[in-house]
There are 2 protein chains.
Amino acid sequence: MASAKTVPVSPLAPTHRPDLPAIAGVGLATAQAGIRYSARTDVLYVALAEGTQAAGVFTRSRCPSAPVDWCREALKSEGARALVVNSGNANAFTGARGRDAVALTAAIAGRAADCAPQAVFIASTGVIGEPLDATKFEGVLADCAGRVDGGSAAWSAAAEAIMTTDTFPKLATRQARIDGTVVTLNGIAKGAGMIAPDMATMLSFAFTDAALPQAVLQDLLSAGTAKSFNCVTVDGDTSTSDTLMLFATGAAGNAAVTDAADPRLADFKAQLDDLLVELAQLVAKDGEGARKFVTVRVEGATDDTSAHRIAMSIANSPLVKTAVAGEDANWGRVVMAVGKAGEPADRDRLGIWFGDVRVAHAGARDPDYSEAAASAVMRESDIVIRVELGLGTGTARVWTCDLTHDYIAINGDYRS
Amino acid sequence: MASAKTVPVSPLAPTHRPDLPAIAGVGLATAQAGIRYSARTDVLYVALAEGTQAAGVFTRSRCPSAPVDWCREALKSEGARALVVNSGNANAFTGARGRDAVALTAAIAGRAADCAPQAVFIASTGVIGEPLDATKFEGVLADCAGRVDGGSAAWSAAAEAIMTTDTFPKLATRQARIDGTVVTLNGIAKGAGMIAPDMATMLSFAFTDAALPQAVLQDLLSAGTAKSFNCVTVDGDTSTSDTLMLFATGAAGNAAVTDAADPRLADFKAQLDDLLVELAQLVAKDGEGARKFVTVRVEGATDDTSAHRIAMSIANSPLVKTAVAGEDANWGRVVMAVGKAGEPADRDRLGIWFGDVRVAHAGARDPDYSEAAASAVMRESDIVIRVELGLGTGTARVWTCDLTHDYIAINGDYRS
């Protein structure tokens with residue numbers, strides 16, 4: 001059995017771990033099922049009150065994991081009573097055995113939660129292609145169900161149990177008002193490698209006590225994802241297991257709302273978006289080997305979609321990311337990445353900034369450019385690269401991290 | 001002035017540097033113009049006999065370099081009399097000054113070669129965004145024109161002068177028959193970083209004494225590129241300067257051929273394709289930091305285009321490439337890369353091989369899979385990854401290298 005790697009905590013980790021408040025109708029417990037890791041928790045069990053609604057956004061991989069298939073199917077029938085997440089094994093590309101393992105997990109959790117298997121949601125993260133022995137959940141999940149807790153320590157333990165090569169747990173919380181009723185939103189995430197557009201985290205789960213129907217939840221989650229997790233990339237690789245789910249217990253007893261566009265949801269929507277952005281940024285800040293957090297802003301593109309593609313081309317370029325790692329204000333590589341995106345761009349109108357330092361203007365080096373000022377920007381741990389295309393009003397903002405020796409070290413020897 | 005980095009020669013470099021024969025109508029000379037490097041040649045001048053025809057394939061970047069713009073324009077008028085290549089400065093994203101520098105270079109070379117500027121072709125490689133001082137070519141090119149040579153030492157020197165972070169010069173030669181007449185093909189290339197699909201070398205130049213009209217040359221070069229340089233990737237980044245040109249002096253005096261599909265060109269086409277494949281493979285073998293040469297074969301896709309996209313997704317995946325660097329037969333990452341390509345794939349039909357070892361079959365780990373046998377394959381310096389999709393008859397073959405610490409080291413500190 002492998003030990004979890006001991007990698008130093010990312011220098012971009014928040015200095016303070018937030019205390020998450022309890023959410024009525026959500027109880028959490030973690031355990032050591034011995035899936036792959038020793039001497040650490042590797043299972044999260046979440047009990048959800050009767051009446052809980054669920055929504056999900058999943059990987060666009062053409063080869064999704066067995067748990068992703070399961071969740072997509074389970075969302076077709078309303079209601080969620082339990083969430084089971086394990087780390088250490090992704091149960092991906094495991095064929096018929098993978099489907100059996102998911103079904104067995106749901107059956108075990110259903111007995112623990114006293115619900116139908118279809119009300120159980122499952123996510124797995126870790127190595128791909130190794131059979132997952134779901135019999136290890138036998139007893140473990142029932143034990144979890146008997147000791148669930150909603151306090152801040154339980155949230156913290158939950159965020160830790162789902163980590164793989166993450167160097168710090170990721171948690172965030174918000175409050176919102178729906179027609180006068182205060183509701184709470186909590187979220188946890190795990191990321192690290194294989195983070196890419198079109199679902200940019202391995203796993204993230206958000207919970208609220210708001211009372212919202214499934215269709216509304218799904219609309220809100222899909223819209224929020226487009227501005228958060230779909231705007232973060234570590235290495236351009238897309239996991240087979242990417243899963244983002246939102247569960248709403250309804251315990252807050254707010255007024256019934258049946259349309260995601262209802263103005264009474266404006267604050268909830270804003271807070272949900274904000275929560276998702278915070279979690280997505282935490283994923284980038286814990287990108288494997290990350291030493292610098294990079295925000296790429298693109299303005300003046302022909303439209304937002306074009307701006308997003310250009311921003312992702314910059315954020316995914318190994319040459320841009322190694323330049324950031326080397327604290328080199330190498331704007332030539334930014335030009336290269338703009339050019340390779342294949343989107344409308346006029347070389348002679350490009351402007352490029354590192355932080356507040358304009359390094360390129362009208363298709364050439366800015367005559368007032370100061371190498372010293374640009375270098376000072378690059379030495380910061382939080383760097384903004386801004387590109388002005390001068391063609392239209394399309395904008396985009398994405399987040400990434402630098403590409404360092406540690407990325408190679410972590411991924412060149414992951415399985416051993 | 002920066003010194004060229006002293007990086008150890010790639011372990012994938014050929015043990016033998018080929019002796020290239022003379023090609024009637026082609027004379028070469030190199031010089032030290034002091035563009036950026038000290039104590040090494042940085043200019044190649046090639047004199048081409050009157051009547052020489054040219055063809056070119058260039059970067060698809062939306063922000064091409066000034067020399068690329070120049071060559072595209074120059075190809076509109078027939079005839080080539082000189083080629084000037086400099087290393088150290090790409091003259092890319094240099095605005096109006098970049099266009100002026102190209103025009104001045106062409107004027108200086110035109111005087112040296114006694115030809116119109118439009119008969120001069122220009123390529124530049126090196127740092128982006130720095131103005132190129134073309135006055136440094138004054139005198140240098142005339143001197144070169146006075147001492148051109150066609151012997152094997154001159155070809156070797158030519159391949160060396162165009163290197164940037166390359167660790168070895170890249171040369172190849174072939175002979176072909178056109179309707180009974182023997183013709184020769186020589187080629188040189190430089191690559192290293194910023195190598196990607198849709199033109200996968202920084203610079204490559206091929207020369208032949210065959211007599212072929214421009215339109216035929218262009219058809220042959222475009223077709224050959226699709227199967228060679230467009231099938232190689234190092235880091236997925238696309239240079240602003242990618243240039244592949246083919247020059248035909250006509251000195252061999254073969255029978256006139258006016259159609260690329262003429263059966264009398266079958267051997268020439270085969271030999272040209274083969275030359276381009278060899279040069280493209282040399283580029284992958286000298287990928288920045290490369291320790292292993294990787295061939296990715298995809299079979300059973302719905303069509304060839306789909307197969308090519310899946311192969312490129314595998315070849316560009318940082319997680320696949322770091323696994324190869326770590327000698328880890330991590331086929332789960334290959335599944336991930338197949339899934340993220342967005343092309344038709346059925347998880348439960350996938351088969352994956354490392355070398356001759358089938359590691360995955362019908363959507364799961366091969367029951368007969370031997371970790372020891374797969375590990376032995378991964379320890380080789382030449383690795384074939386094969387994916388069978390089981391959907392149709394589409395095939396593709398692409399080449400890449402592993403992603404190592406040295407890639408980070410080379411690119412994290414390139415400009416300093």
Side-chain angles (χ1 to χ4, degrees), chain A residues 59-64 92-98 127-131 193-194 196 235-240 317-319 322-323 325-326 328 330-333 335-345 347-348 350 360 362-365 403-405 407-409 411-416, chain B residues 59-64 92-98 127-131 193-194 196 235-240 317-319 322-323 325-326 328 330-333 335-345 347-348 350 360 362-365 403-405 407-409 411-416:
Chain A
T59 181
R60 291 191 193 165
S61 171
R62 294 299 192 99
C63 300
F93 205 59
T94 42
R97 290 176 69 180
V127 78
I128 299 176
E130 301 287 336
M194 224 182 263
D235 54 16
D237 275 341
T238 301
S239 163
T240 56
S317 161
L319 286 170
T322 49
D328 176 8
N330 192 324
W331 52 274
R333 295 185 185 175
V335 178
M336 175 282 298
V338 171
K340 83 165 179 166
E343 292 294 316
R347 183 185 61 197
D348 297 340
L350 278 184
R365 188 169 62 186
L403 175 56
T404 69
H405 284 291
Y407 180 88
I408 308 293
N411 287 299
D413 201 27
Y414 178 75
R415 290 211 316 180
S416 60
Chain B
T59 180
R60 291 191 192 165
S61 170
R62 294 298 192 100
C63 300
F93 205 58
T94 42
R97 291 176 69 179
V127 79
I128 300 177
E130 302 287 338
M194 223 180 264
D235 54 16
D237 275 340
T238 302
S239 163
T240 57
S317 161
L319 287 169
T322 49
D328 175 9
N330 193 325
W331 53 273
R333 296 184 184 173
V335 178
M336 176 280 299
V338 171
K340 83 164 179 167
E343 293 295 316
R347 182 184 61 197
D348 296 341
L350 278 183
R365 188 169 63 187
L403 174 56
T404 68
H405 284 289
Y407 179 87
I408 307 293
N411 288 299
D413 201 28
Y414 178 74
R415 290 212 314 181
S416 60

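Within every chain, numbering begins at 1; the chains are lettered A, B, ... in the order of the sequence lines, protein sequences first and strands thereafter.
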* To do: Enter the distance from B/R333:CZ to A/T240:OG1 here, rounded to the nearest 0.5 Å.
  =>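 Answer rounded to 0.5 Å: 12.0 Å.
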* To do: State the CG-CG distance between B/L403 and A/L403, to the nearest 0.5 angstrom.
  =>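 Rounded to the nearest 0.5 Å, the CG-CG separation comes to 6.5 Å.
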* Asked: For the candidates A/G363, A/G95, A/A364, which exhibits the highest count of non-hydrogen atom pairs separated by less than 4.5 Å from chain B?
  ->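 Top count of heavy-atom pairs under 4.5 Å with chain B: A/G363.
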* Do B/R62 side-chain atoms and A/A345 backbone N/O form a donor-acceptor pair below 3.5 Å? ->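 Not confirmed, B/R62 side chain does not pair with A/A345 backbone.
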* To do: For B/F93 and A/A360, work out which heavy atoms get closest and say how close.
  =>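 Answer, listing the atom of B/F93 first, then A/A360: CE2-CB, 3.6 Å.
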* A/R365/B/E130 ion pair, N-O < 4.0 Å ->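 Between B/E130 and A/R365 there is a salt bridge, with a charged N closer than 4.0 Å to a carboxylate O.
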* To do: Could you tell me whether the side chain of A/S61 reaches within less than 4.5 Å of the side chain of B/M336, counting heavy atoms only?
  =>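 The answer is no, as the side chains (C-beta and beyond) never meet within the 4.5 Å cut-off.
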* What residue, out of B/A92, B/P64, B/A96, has the most heavy-atom pairs lying under 4.5 Å from chain A? ->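 The candidate making the most pairs under 4.5 Å is B/P64.
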* **Contact origin within B/P131 toward chain A - heavy atom pairs under 4.5 Å** =>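 For B/P131, side-chain heavy atoms alone lie under 4.5 Å from chain A.
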